Amino acid sequence: MNRATFRPHERINRPEDFRRAFDRRRSASDDALIVYGTENGKDHPRLGISVGRKRIRKATDRNRVKRLIREAFRLNKTELPAGVDLVVVPRHGSLTFVQVSRSLPHLARAVAGRLARDRGRPPRDRDRDRPAGATP
RNA sequence: CGUGGCGGGCGGAUGACCGCCUCGGGGCCCAAGGCCGAGCGAUCGGCUGUCGGGAACGUCCUGGGGAGGAAAGUCCGGACUCCGUAGGGCGCGAUGGUGGGUAACGCCCACCGCCCGGCCCGGCGACGGGUCGGGUAGGGAAAGUGCAACAGAAAGUAAACCGCCUCCCUGGCCUCCCGGCUGGGGAGGUAAGGGUGAAACGGUGAGGUAAGAGCUCACCAGCAGGCCGGGCGACCGGCCUGGCUCGGCAAACCCCAUCGGGAGCAAGACCAAAUAAGGGGGCAGCGUUUUUGCCGAUUCGUCGGCCGGAACCGCGGGUCGGCCCGGCCCGCCACCGACUCCCGGGUAGGUCGCUUGAGGCGCCGGGCAACCGGCGUCCUAGAGAAAUGGUCAUCCGAGGGCCACUCGGCCCCUCGACAGAAUCCGGCUUAUCGCCCGCCACGAACC
RNA sequence: GCGGGAGUAGCUCAGGGGUAGAGCACCACGUUGCCAACGUGGUUGUCGUGGGUUCAAAUCCCAUCUCCCGCU
């Protein structure tokens with residue numbers, strides 16, 4: 001029975017894991033959120049939240065946004081794809097719970113779909129995508 | 001009752017379901033220890049594990065606790081930690097009435113002085129006295145150096161632009177004469193009047209004079225010195241004398257007094273992991289004295305050389321962070337290296353520090369107060385990509401709408417400020433919807 | 001969390017008590033058949049914000065806001 005909880009092992013808290021998700025360069029977004037994703041080799045999804053001080057100025061608002069995203073992750077866990085690390089970046093500070101809980105599963109599935117398509121083909125190496133000397 | 005100002009307090013409540021962090025208890029599930037093995041190592045694997053009573057992760061059940069008055073800005077002061085020994089001088093920075101409070105402060109309390117405003121009283125006037133409210137970074141300007149644009153004659157031991165007055169020279173007009181009126185030039189007197197300015201070297205009233213002036217007199221204000229009285233003190237009150245006036249700015253330099261070693265929990269301690277080379281810069285005695293040993297010479301007294309040690313002097317580097325002296329440590333013939341400085345490179349995990357403290361609340365006592373003392377009682381966040389939340393309902397408060405339009409009602413909408421602990425305290429400053437309490441002022445109604 | 005620095009014209013910066021400038025940019029005129037370049041003249045400012053000291057503040061003092069940099 002998969003209850004609606006949020007345990008420490010479901011949380012991304014190491015800088016290298018965040019870096020891996022950003023460097024994979026697979027994301028989906030809408031008006032509220034940007035979601036980066038990458039495979040994590042586990043049987044459950046993990047959540048990381050990255051909120052910059054530039055985008056959301058006040059510490060209170062940053063904390064509130066993180067709580068909303070965590071809550072949306074927890075309550076919609078059954079809707080989310082397994083084995084994926086999700087790094088969520090909010091676009092602005094005036095989000096509502098309804099907005100986030102509608103948006104997060106949708107975007108997460110979109111990212112998981114892209115990752116699955118990549119697995120069909122050989123894994124895209126960034127160095128091969130942009131060979132040295134071909135920088136725009 | 002309303003409005004405004006000042007000061008203080010509170011910082012929505014209750015419930016349901018689902019969650020988060022932390023501390024404790026229990027289950028799934030016997031750890032430590034011992035032996036063997038692997039590994040550089042933290043550690044890991046296997047076997048054993050009496051008595052005794054049970055470690056961590058994960059998971060389930062259960063109980064307790066879980067943001068602020070500013071947690072904020074980081075503007076001050078401490079605690080604590082490390083570097084260190086801080087001894088002296090210079091420099092730099094901060095503070096600045098007095099007394100008290102405090103661990104300390106640039107904070108707080110009380111008082112003093114000064115300034116501003118209102119009202120009342122006295123005087124012809126200059127001005128003085130009383131009272132209420134508000135403000136105040138408020139040591140020293142007769143230690144010294146400076147500054148004051150423009151305007152103005154002059155901006156500080158000086159000064160004559162327009163004026164006013166006297167004398168001399170000279171022109172014109174009137175007149176019989178005496179003389180009068182008016183103009184020009186020169187020498188001097190004069191700070192009363194005009195005008196400039198933020199500010200112009202006391203003010204009022206009188207005398208005096210060619211005109212004037214503290215030139216003289218009375219009073220008023222102010223300054224300096226002395227004496228007496230009161231107060232712990234800042235200072236206050238009174239009397240006498242003096243020259244008669246001696247200005248402003250130290251949030252200008254400065255002087256005086258007091259205080260200040262530097263860095264900060266990303267302090268710091270331990271464990272694990274990783275590593276690195278390379279490049280550039282810097283640098284000083286074959287000193288003197290003494291001594292153990294060895295070698296050589298010897299007239300057996302000693303002399304010379306080599307290795308090493310010690311003391312003193314000198315030099316270089318470090319400690320020390322702005323400088324110098326002093327102290328301490330290291331090095332000094334090697335031009336290689338070492339050392340040291342800079343550049344470059346690697347690591348980014350864990351445990352501790354980590355929350356009980358100048359602590360909160362209540363009562364009593366001291367004090368005008370800030371605050372202090374005694375007794376009792378309570379334990380009250382410790383995260384780390386960082387917990388304290390989400391949804392719903394009811395209530396509370398505010399605003400709007402509708403019905404009433406007299407009290408009000410409907411419960412139809414919207415909103416509930418500023419803001420999130422990060423080592424911990426004491427202050428300051430800034431942000432803040434609304435409600436409550438106290439004081440003051442004004443207005444209205446009633447008695 | 002801690003420690004530093006800076007806000008002046010549209011942009012880059014001077015000025016550190018006496019009423020704000022330089023370069024670039026912009027505008028007008030001249031030059032040219034036209035444009036550029038060049039020449040002449042001109043415009044542009046709550047000196048980030050609010051208080052205080054002073055006769056006088058961009059400048060000195062205090063508070064505040066914004067931005068930037070460094071430290072494991």
Side-chain angles (χ1 to χ4, degrees):
Chain A
M1 178 58 213
N2 200 356
R3 296 194 317 157
T5 59
F6 186 54
R7 298 291 184 188
H9 67 273
E10 297 173 294
R11 175 176 297 206
I12 303 174
N13 54 13
R14 294 162 64 90
E16 58 197 75
D17 290 338
F18 277 88
R19 191 110 304 279
R20 203 157 48 85
F22 284 125
D23 286 349
R24 192 71 167 73
R25 304 191 74 79
R26 292 294 170 267
S27 69
S29 67
D30 59 12
D31 292 346
L33 305 174
I34 309 170
V35 176
Y36 292 85
T38 187
E39 300 88 342
N40 62 11
K42 296 177 169 45
D43 58 352
H44 57 80
R46 294 199 303 170
L47 176 69
I49 308 169
S50 179
V51 185
R53 201 172 106 86
K54 278 230 172 86
R55 209 182 284 270
I56 300 174
R57 185 59 60 86
K58 290 192 279 189
T60 341
D61 294 343
R62 283 198 300 278
N63 285 344
R64 173 161 178 81
V65 164
K66 287 192 220 170
R67 285 179 194 131
L68 290 175
I69 293 170
R70 274 204 309 273
E71 200 70 9
F73 177 86
R74 166 176 94 75
L75 294 172
N76 294 296
K77 244 193 314 189
T78 53
E79 312 259 328
L80 295 173
V84 175
D85 272 2
L86 300 168
V87 173
V88 179
V89 179
R91 282 194 186 273
H92 54 87
S94 55
L95 297 171
T96 64
F97 175 73
V98 176
Q99 206 178 350
V100 175
S101 65
R102 194 172 298 149
S103 161
L104 181 65
H106 179 75
L107 294 174
R109 279 196 301 272
V111 169
R114 290 197 188 188
L115 292 169
R117 272 200 302 282
D118 284 352
R119 262 195 302 278
R121 290 175 291 182
R124 302 218 308 173
D125 194 319
R126 283 207 298 140
D127 289 340
R128 217 186 314 156
D129 267 3
R130 287 186 290 134
T135 336

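Source: prediction; values computed, not measured. Residue numbering restarts at 1 for every chain, and letters A, B, ... go by the order of the sequence lines.
Under the 90° criterion around 0 for the glycosidic angle, U355(B) counts as syn.
Nucleotide C246(B) is matched to nothing when pairs are restricted to Watson-Crick or G-U wobble geometry with both distances under 3.5 angstrom. Pairing for C6(B) goes to G438(B), judged as Watson-Crick or G-U wobble with the two contacts each under 3.5 Å. Applying the Watson-Crick and G-U wobble criteria (two distances, each under 3.5 Å), C410(B) pairs with G401(B). Across all strands shown, A417(B) forms no Watson-Crick or G-U wobble pair with both key distances under 3.5 Å.
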For nucleotides 65-68 of chain C, give me every protein contact, N/O to N/O, under 3.5 Å, one pair per line with atom names.
| unit_1 | atom_1 | unit_2 | atom_2 | d |
| --- | --- | --- | --- | --- |
| C67(C) | OP1 | R57(A) | NH1 | 3.3 |
| C67(C) | OP1 | R57(A) | NH2 | 2.9 |

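Sorted by first and then second residue, the ring pair (Phe, Tyr, Trp, His ring centres under 6.0 Å) pairs involving residues 72-106 of chain A (not counting sequence neighbours) are F6(A)-F73(A).
Side-chain N/O atoms of R74(A) and base N/O atoms of C18(B) include a donor-acceptor pair closer than 3.5 Å. Residue E71(A) places a side-chain atom within donor-acceptor reach of the base of G389(B), judged by atom type and a 3.5 Å distance cut-off alone.
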What would the secondary structure line of RNA chain C be in dot-bracket form, counting Watson-Crick and G-U wobble pairs under 3.5 Å, with [ ] for pairs that cross earlier ones and | for pairs with another strand? ((((((((.[[[[.)..(..]]]].(((((.......))))).....[[[[[..)....]]]]]))))))).
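Annotation: A284(B) and C315(B) have their P atoms spaced 13 Å apart (nearest Å).
For R64(A) and G390(B), the shortest distance from a side-chain N or O to OP1 or OP2 is below 4.0 Å. Phosphate proximity of A386(B) to R11(A): present, with a side-chain N or O under 4.0 Å from OP1 or OP2. The shortest distance between the side-chain N/O atoms of T60(A) and the OP1/OP2 oxygens of A419(B) is not below 4.0 Å. For R70(A) and U388(B), the shortest distance from a side-chain N or O to OP1 or OP2 is below 4.0 Å.
Atom CZ of R102(A) sits in a sparse spot, with 12 or fewer heavy atoms from other residues, nucleotides or ligands closer than 6.0 Å.
Residue side chain F6(A) fails the stacking definition with respect to G19(B), as its ring centre and the base's six-membered ring centre are not both under 5.5 angstrom apart and under 30 degrees in plane angle.
Residue R62(A) is classed as having no contact, given no heavy-atom separation below 4.0 Å to the nucleic acid.
In this structure, the side chains of L80(A) and L47(A) stay at 4.5 Å or more apart for every pair of heavy atoms.
Across the interface with RNA chain B, nearest-nucleotide mapping of A59(A) and S50(A) shows S50(A) to be the residue nearer the 5′ end.
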